[in-house]
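What you see is a predicted model, and the numbers here were worked out from it, not measured in a lab. Counting starts at 1 for both ligands and their atoms, following the listed order.
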Amino acid sequence: MLVRSVYAKKLKNSRGEETIEVIVKTEKGVVNASAPFGKSRGIHEANAFVENVEHDVRIINALDVRVLDIKHRLDIIYVEKKLRGKIGANSMLALQLALLKALAKKQGCELWQLFTRRFKPVRMLGNVIGGGMHSSARKPEFQEFLFSPRTRHMGKAVLINKKVYSIARSLLKKYDPRFKGKKNDENAWETTLNNEQVLEIANLVREKVKERYGENVDIGIDIAASTFYDKRSKKYVYENVKLRKQEQINFVARLAKKFSLLYLEDPLHEEDFDGFAILRKKLKKILVVGDDLTVTNTERLKKAIKKKAISGIIVKPNQIGSLIASEEVVELAKRHGIAVIVSHRSGETLETGIADLAIGWHADFVKFGVAGKEREVKLKRLIEIEKKAGV
Ligand code: 2PG
Ligand code: MG
């Protein structure tokens with residue numbers, strides 16, 4: 001029997017919201033896992049809990065451990081079948097992750113090695129300047145201004161993004177007269193500049209990093225367009241202007257070209273597969289990425305594939321509440337040449353399992369943030385994996 005006992009409890013995430021932690025005792029020791037919480041959530045995401053966290057905690061604490069006896073990674077499907085509808089997405093994720101950690105311990109391997117024996121490094125995407133729902137003034141409208149060092153050496157990429165973060169701070173100090181050094185939910189810098197002005201700063205940061213350290217970094221944005229889309233008027237509501245669909249497409253395409261962006265996440269609202277397809281066609285060299293559009297859901301990914309809507313997909317296991325379904329999304333995306341970006345949530349815990357999943361699934365990118373202990377532990381875990389893999 002893999003599991004001797006299982007215990008769930010409430011846990012506060014980085015934003016102070018209640019989420020869940022699952023602790024599993026095995027003959028080889030104790031493992032634990034927890035789930036994060038998003039704020040700019042897609043409407044098609046699974047519910048984090050069935051009624052509330054207390055309800056799910058009670059269900060897990062009443063489980064007969066025989067239900068949790070897995071011998072192979074894919075056996076978590078049986079656990080899922082038994083508990084589907086009884087606990088929410090966050091609870092299922094924490095439970096499945098804890099069971100996989102227990103299994104890895106029993107097999108004497110690392111968590112990521114349950115998925116693959118071959119180590120493949122990932123590229124980093126780090127949120128450095130932020131707006132939207134993650135920032136106190138909800139400005140600028142775009143949610144994340146991301147930087148991606150061009151190296152695949154993960155330890156080096158983490159160091160470069162730290163430099164990016166501090167250069168961004170000094171440039172914001174210089175060019176944003178109301179900059180106060182405030183950090184948002186993901187510890188990205190808050191600013192009073194508008195979207196295009198922030199991209200100008202991002203461009204300066206990119207130049208400075210090249211000049212000072214000889215390193216190339218690319219720029220990306222998560223527009224999280226659903227968060228400022230008004231369904232009734234069908235317009236994207238900016239501080240000084242409201243844009244119709246075609247105007248939004250033109251605006252975003254212009255910015256993407258002007259700043260030679262690498263990456264463009266959720267440029268349109270979460271139901272607009274056709275709009276995504278137009279942008280993807282216009283911006284052939286840029287990754288057009290679905291997050292709220294696809295919500296780690298196979299059916300929505302199939303639709304995106306059929307419509308040629310995306311060239312990249314965000315994978316967040318708690319959007320779907322199943323590690324099996326998340327892996328299916330990863331495999332399907334890869335078969336269609338769609339880049340896989342494994343991502344944290346804005347409300348995070350100290351969980352590091354997501355780093356192992358990214359490496360185990362051979363993701364192309366990780367989006368784990370840059371600063372703050374909840375983000376740093378994940379980056380640290382990546383470096384640890386890289387070191388152990390002997391790179
Ligand atoms: C996103 C995420 C993470 P949230 O939109 O990509 O950065 O935000 O977790 O709030 O959904
Ligand atoms: Mg997003």
Looking just at side-chain N and O atoms, do Ser136 and Lys182 make a donor-acceptor pair shorter than 3.5 Å? yes
Ignoring angles and geometry beyond distance, decide whether Lys367 reaches within less than 3.5 Å of ligand 1 through its nitrogen or oxygen atoms. yes
Does any N or O of ligand 1 fall below 3.5 Å from an N or O anywhere on Glu144, backbone included? yes
Looking only at heavy atoms of Ile314, does any of them come nearer than 4.0 Å to an atom of ligand 1? no
For the Mg ion (ligand 2), protein N, O or S atoms at a distance below 2.8 Å amount to 3
Does Met133 reach ligand 1, in the sense of a heavy atom lying below 4.0 Å from it? no
Looking just at side-chain N and O atoms, do Thr227 and Gln143 make a donor-acceptor pair shorter than 3.5 Å? no
Does either side chain, that of Ser148 or that of Arg123, offer a donor lying less than 3.5 Å from an acceptor on the other one? yes
If you take all heavy atoms of Leu357 and Phe115, which pair is closest and at what distance? CD2-CZ, 3.6 Å
Using non-hydrogen atoms of the residue, decide whether Ser40 is closer than 4.0 angstrom to ligand 1. yes
Can you classify the ring geometry of Phe179 versus Trp189 as parallel (below 30°), tilted (30 to 60°) or perpendicular (above 60°)? perpendicular
Check Asp222 against ligand 1 and report side chain, backbone, both or neither, counting heavy atoms closer than 4.0 Å. side chain
Taking atom 11 (O) of ligand 1 as the reference point, the nearest protein heavy atom with its distance: Arg345 NH2, 2.8 Å
Scanning both residues in full, the closest heavy-atom pair of Lys105 with Val31 reads CD-CG1, 3.8 Å
